[in-house]
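All values derive from a computational prediction rather than experimental measurement. Below, each value reflects all heavy atoms present in this structure, side chains not excepted, and no hydrogens, waters or symmetry copies.
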Amino acid sequence: MPKSRIRKKADFTPPPAKQATNIKLTNRSWVAPVMLALFAIGLVWIVVFYVTDGSMPVESIRNWNIVVGFGFIAAGFGVSTQWK
């Protein structure tokens with residue numbers, strides 16, 4: 001039976017080192033204050049509505065004041081997506 005040939009393995013060459021790329025982050029220092037302000041405005045809006053039995057902040061929209069307050073809170077969550 002003939003002997004099989006021994007194959008020479010190729011030498012291992014490591015892949016080239018990856019160069020670190022600088023990620024330019026924009027200055028988003030406005031995000032945190034705006035986000036917290038929207039959260040606070042929404043919370044205060046809802047609390048004022050309940051404490052005053054619906055006569056404030058806007059009496060003419062009655063129970064929609066709750067939706068307005070949660071709208072401010074939702075806007076705060078929307079702004080929070082810009083935070084890096």
Closest heavy-atom pair and its distance - Gly42, Ile73 = CA-CG1, 3.9 Å
Just wondering, do Val67 and Ile61 contact through their side chains at under 4.5 Å, heavy atoms?
-> no
Is Val58 close to Phe49 at the side-chain level, that is, under 4.5 Å between some pair of heavy atoms?
-> no
Quick one: does Met35's side chain get under 4.5 Å of Trp83's, heavy atoms only?
-> yes
Quick one: pull up CZ in Phe77 and CZ in Phe70 and give me the separation to the nearest 0.5 Å.
-> 10.5 Å
Output for pair (Leu36 CG, Leu38 CG), nearest 0.5 Å, gives 9.0 Å
Pairwise side-chain contact, Val31 with Ser80, heavy-atom cut-off 4.5 Å (strictly under) = no
Between Phe72 and Phe39, is the ring centre distance below 6.0 Å?
-> no
Value for CH2 (Trp45) from CD1 (Ile66), rounded to nearest 0.5 Å, stands at 12.5 Å
Cluster question for you: counting only ILVMFWY and a side-chain heavy-atom cut-off of under 4.5 Å, with indirect links fine, are Met56 and Trp64 together?
-> no
Can Leu43 be reached from Ile46 by stepping across I, L, V, M, F, W or Y side chains whose heavy atoms are under 4.5 Å apart?
-> no
